[in-house]
Peer 1: 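Got a structure here, written out as structure tokens. Questions coming.
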Amino acid sequence: MRDTASVLHLDLDAFFAAVEQRDKPSLRGKPVVVGGTGGRGVVATASYEARRFGVRSAMSTREARSRCPHAAFLSGRFPAYRAASELVMAELRAVSPLVEPLSLDEAFVDLAAAGLPDLTLPTVTEVAQRLRARVAEVTGGLTASVGLASSKFVAKVASELDKPDGLTVVPPGTEQELLRPMPARVIPGVGPQTTERLRRAGVHTVADLEALSLDELVRLLGKAHGHGLHAFARAQDDRPVVAEREAKSVSVEGTYDTDLTDRRLMEGLLTRQAGEVATRLRAHGLSGRTVTIKVRLHDFTTLSRSSTLPSPTDAAGVVARTARTLLADLDTSGGVRLLGVGVSGLADWVQEDLFADDAALGDEAADEVAPVDLEAAFPRRRTWPPGADVVHEEHGRGWVWGSGRGVVTVRFETAASPSGPVRSFAEDDPALQRWTSTEPDPGEVTTQPLSSPT
DNA sequence: TCTGGGGTCCTAGGACCC
DNA sequence: TCTGGGGTCCTAGGACCC
């Protein structure tokens with residue numbers, strides 16, 4: 001642990017929902033829920049207005065709808081979130097070369113690598129405030145909460161303390177007095193199961209945890225976890241901020257609104273997922289030796305089966321055939337709610353001579369798959385998901401307010417032109433198109449750098 | 001019709017090798 | 001008849017994170 005508050009943790013507030021409110025003025029000040037909108041969807045992000053009704057991340061969308069029926073339920077526009085995230089990460093890197101993104105909306109910054117004149121509290125505080133202002137400026141008004149402390153652990157705890165749009169600085173030396181009264185749950189790696197185990201052992205707070213010996217903790221939680229908690233309970237955390245981390249696996253999975261029972265359909269879906277995995281492997285110049293399938297049964301029991309190949313592959317056909325073979329050994333007669341395919345044991349090289357063969361094999365193997373109409377049974381993506389950007393020949397840019405029964409309702413409103421009407425169209429109206437371009441609208445006057453995500 | 005998707009890390013047992 | 005140990009790889013499952 002360092003003796004300066006030079007680890008910064010930044011967390012964008014209600015990120016996905018905030019991007020939607022930024023781009024769709026009618027949603028400002030209103031409850032917005034972004035996440036899965038299907039029958040088995042869960043909430044990814046709820047705006048603060050929706051949180052007032054008890055809507056939370058990871059809650060089923062069904063429950064969120066019953067708690068807050070008048071919220072806008074949107075299925076998410078990842079290109080827009082990624083664009084906003086990249087602008088924020090660029091601002092962080094302008095402060096210090098040592099930036100560790102944890103997700104689209106969160107990152108650590110090591111101010112000790114920033115080349116500042118000093119790392120005193122006034123200096124780092126000013127850097128943090130300037131950074132928050134820059135984030136708002138460059139994203140068109142998104143707010144961030146920031147924590148500054150002597151370690152990742154405490155910086156992250158600190159960023160939670162004044163949300164949204166706040167800054168908390170923990171002076172070095174005061175970490176333990178901050179942590180002691182907090183629930184043990186604030187410690188990274190302490191989730192529901194560990195919390196329950198600790199509760200049964202009479203441990204509720206960080207102070208309670210601190211009273212346990214290393215031996216007791218290891219007995220209670222195992223070696224790695226025990227050692228980790230022993231240190232965290234004392235605010236000891238030497239984990240460095242790491243800029244580049246290599247991917248260890250690539251996977252695709254899907255939960256279906258109704259349980260699958262048709263094996264040929266499952267094989268078709270696995271094959272399609274294998275293709276997506278292979279595409280992503282190739283896009284990153286990776287290949288891997290271990291193919292894993294994941295199967296969640298109707299009763300939520302989750303199975304995995306894996307097979308390690310003699311050499312790494314990035315070929316769709318090889319991944320697909322391996323996946324289908326693994327599925328063959330499982331009893332899925334009760335119905336399957338989730339299927340997934342992943343590749344791990346990644347290497348950043350491909351065996352050149354095998355590459356051509358594998359690629360050819362890939363095409364063949366894709367064709368081997370049972371003749372089910374996958375697109376009819378499970379369309380790859382719905383054309384008009386709620387919240388999606390669209391453009392109409394006559395009315396211009398807008399977004400999907402609702403869809404179903406052959407009709408799509410569009411609100412013609414963007415951050416740049418916030419006063420458009422709401423109109424309905426036939427779903428197959430050729431004048432209406434998904435807006436997928438990452439370029440700004442032709443002719444659109446953009447005053448906010450992010451109003452047309454790139 | 002409770003319970004997403006993309007990840008990481010850890011544990012534990014068995015095979016196999018020296 | 002009894003008696004090893006360590007190391008690595010692989011597999012399956014589970015907890016956790018955002």
Side-chain angles (χ1 to χ4, degrees), chain A residues 9-16 33-46 56-67 75-76 78 81-82 85 100-108 152-153 156 159-160 184-198 218 221-229 232 239 242 245-259 273 276-277 280 284 288-310 322 326 329-330 335 337-346:
Chain A
H9 179 258
L10 178 138
D11 194 344
L12 293 158
D13 302 313
F15 179 52
F16 297 168
V33 178
V34 180
T37 49
R40 285 170 168 170
V42 300
V43 175
T45 312
R56 296 282 178 272
S57 294
M59 173 182 283
S60 72
T61 300
R62 180 177 308 276
E63 184 173 355
R65 279 189 204 277
S66 85
R67 288 186 186 223
S75 56
F78 279 82
Y81 309 151
R82 211 166 291 119
S85 179
E100 178 177 336
L102 300 178
S103 61
L104 287 180
D105 66 341
E106 242 184 85
F108 287 112
K152 283 182 164 182
F153 169 33
K156 176 146 171 133
S159 71
E160 295 287 319
R185 187 74 170 76
V186 303
I187 292 173
V190 177
Q193 302 292 322
T194 306
T195 301
E196 177 57 20
R197 275 198 180 185
L198 291 173
V218 169
L221 303 171
K223 197 171 160 190
H225 217 180
H227 277 89
L229 262 59
F232 283 135
R239 294 172 300 163
V242 179
R245 290 159 75 188
E246 308 228 316
K248 308 216 160 156
S249 65
V250 173
S251 64
V252 170
E253 65 184 53
T255 294
Y256 305 97
D257 272 350
T258 54
D259 289 350
Q273 292 173 331
E276 290 167 20
V277 168
R280 279 168 47 194
H284 294 98
R289 282 184 62 213
T290 303
V291 176
T292 303
I293 64 164
K294 179 170 163 183
V295 177
R296 180 119 72 207
L297 303 177
H298 64 292
D299 65 355
F300 219 73
T301 59
T302 305
L303 309 174
S304 68
R305 290 293 181 273
S306 65
S307 174
T308 298
L309 309 167
T322 310
L326 289 167
D329 289 338
L330 294 178
R337 60 145 51 214
L338 171 146
L339 279 179
V341 179
V343 172
S344 58
L346 300 185

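Proteins get letters first, then strands, A, B, ... in listed order; numbering begins at 1 in each. FYI, side chains are in, hydrogens and waters are out, and symmetry mates aren't considered; it's all heavy atoms of this structure.
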Peer 1: Pick the P atom in C:dG4 and in B:dC17, then give their distance to the nearest Å.
Peer 2: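 That atom pair is separated by 22 Å.
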Peer 1: Would you indicate what A:Arg197 reaches in the nucleic acid, counting non-hydrogen atoms under 4.0 angstrom: base, sugar-phosphate, or nothing?
Peer 2: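 No contact.
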Peer 1: Would you classify A:Gly36 as touching base, sugar-phosphate or nothing, given that sugar-phosphate means primed atoms plus P, OP1 and OP2, and contacts are heavy atoms under 4.0 Å?
Peer 2: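 Nothing: the residue A:Gly36, judged by heavy atoms under 4.0 Å, touches no strand.
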Peer 1: Does C:dT1 count as syn, meaning its glycosidic angle lies within 90° of 0, or as anti?
Peer 2: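 Here the answer is anti: the torsion falls beyond 90° from 0.
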Peer 1: What is the first contacted nucleotide of DNA chain B and what is the last, in 5' to 3' order, if contact means an atom lying under 4.0 angstrom from a heavy atom of chain A?
Peer 2: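 With heavy atoms of chain A under 4.0 Å away, the range is B:dT1 to B:dT11.
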Peer 1: Both A:Arg289 and A:Ser304 contact DNA chain C. Which one's nearest nucleotide lies toward the 5' end?
Peer 2: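 Result: A:Arg289.
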Peer 1: Measure the acute angle between the ring planes of A:Phe108 and A:His9, then classify it against the limits of 30° and 60° as parallel, tilted or perpendicular.
Peer 2: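 A:Phe108 vs A:His9 ring planes: tilted.
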Peer 1: Quick check on DNA chain B: between A:Gly39 and A:Lys294, whose nearest nucleotide comes earlier from the 5' end?
Peer 2: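 The residue closer to the strand's 5' end, by nearest nucleotide, is A:Gly39.
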Peer 1: Between A:Ala58 and A:Ser249, which has a closest nucleotide on DNA chain B that is more 5'?
Peer 2: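 Checking each residue's closest nucleotide, the 5'-ward one belongs to A:Ala58.
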Peer 1: Counting any heavy atom closer than 4.0 Å, what does A:Leu104 reach on the DNA or RNA strands: base, sugar-phosphate only, or nothing?
Peer 2: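 Touches nothing.
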Peer 1: Ignoring hydrogens and geometry, is there a side-chain-to-backbone donor-acceptor pair from A:Gln273 to A:Leu339 under 3.5 Å?
Peer 2: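 The answer is yes, because a donor-acceptor pair under 3.5 Å joins these two groups.
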Peer 1: Base, sugar-phosphate alone, or nothing: which one does A:Gly254 contact when heavy atoms must sit under 4.0 Å apart?
Peer 2: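 Here A:Gly254 touches the backbone only, sparing every base.
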Peer 1: Working to the nearest 0.5 angstrom, can you tell me the gap between A:Leu326 CG and A:Thr292 OG1?
Peer 2: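 Separation between the atoms: 8.0 Å.
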Peer 1: Would you say the side chain of A:Leu229 lies within less than 4.5 Å of the side chain of A:Leu198, judging by non-hydrogen atoms?
Peer 2: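 When only atoms from C-beta onward are counted, A:Leu229 and A:Leu198 do touch, with a gap below 4.5 Å.
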Peer 1: To the nearest 10 degrees, what angle separates the axes at the start and end of the helix from B:dG5-C:dC18 to B:dC18-C:dG5, five pairs each?
Peer 2: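 Taking five pairs per end, the axes differ by 10°.
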Peer 1: Scan A:Gln193 against the nucleic acid and name what it touches under 4.0 Å (heavy atoms): base, sugar-phosphate only, or nothing.
Peer 2: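 Answer is sugar-phosphate: A:Gln193 comes under 4.0 Å of backbone atoms only.
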Peer 1: Can you confirm whether more than 12 heavy atoms, excluding those of A:Arg197, are under 6.0 Å from its CZ atom?
Peer 2: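 At most 12 heavy atoms, drawn from other residues, nucleotides or ligands, come within 6.0 Å of this atom.
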Peer 1: Within the structure shown, what part of the strands sits under 4.0 Å from A:Thr258 by heavy-atom distance: base, sugar-phosphate, or nothing?
Peer 2: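 A:Thr258: base contact, heavy atoms under 4.0 Å.
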Peer 1: Would you indicate what A:Ala247 reaches in the nucleic acid, counting non-hydrogen atoms under 4.0 angstrom: base, sugar-phosphate, or nothing?
Peer 2: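 It contacts sugar-phosphate atoms only.
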Peer 1: Which part of the nucleic acid, if any, lies within contact of A:Thr292, taking any heavy atom under 4.0 Å across all strands shown: a base, the sugar-phosphate backbone alone, or nothing?
Peer 2: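 Answer is nothing: A:Thr292 stays at 4.0 Å or more from every strand.
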Peer 1: Determine the contact category for A:Asp257: base if any of its heavy atoms lies under 4.0 Å from a base atom, sugar-phosphate if only primed atoms, P, OP1 or OP2 are that close, otherwise nothing.
Peer 2: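 Since a base atom lies under 4.0 Å of A:Asp257, the category is base.
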Peer 1: Heavy atoms only, 4.0 Å cut-off, all strands: where does A:Val190 land among base, sugar-phosphate and nothing?
Peer 2: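 A:Val190: backbone/sugar contact only, no base atoms under 4.0 Å.
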Peer 1: Between A:Thr302 (side chain) and A:Phe300 (backbone), is there a donor-acceptor pair under 3.5 Å?
Peer 2: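 Checking the backbone N and O of A:Phe300 against the side chain of A:Thr302, a donor-acceptor pair under 3.5 Å is found.
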Peer 1: Side chain of A:Ser57, backbone of A:Ala44: donor and acceptor closer than 3.5 Å?
Peer 2: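 Judged by distance alone, yes, a pair lies under 3.5 Å.
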Peer 1: Using a strict cut-off of less than 4.0 Å between a Lys/Arg side-chain nitrogen and an Asp/Glu carboxylate oxygen, indicate whether A:Glu100 and A:Lys152 qualify as a salt bridge.
Peer 2: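 Salt bridge: yes.
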Peer 1: When the C1' atoms of B:dT3 and C:dC16 are considered, how many whole Å apart are they?
Peer 2: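 So the two C1' atoms sit 16 Å from each other.
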Peer 1: Does A:Arg62 use its side chain to pair, donor to acceptor, with the backbone of A:Arg40 at less than 3.5 Å?
Peer 2: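 Such a contact is absent between A:Arg62 side chain and A:Arg40 backbone.
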Peer 1: Judged by atom type as modelled, is there a donor-acceptor pair below 3.5 Å linking the side chain of A:Arg337 to the main-chain atoms of A:His298?
Peer 2: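 Absent.
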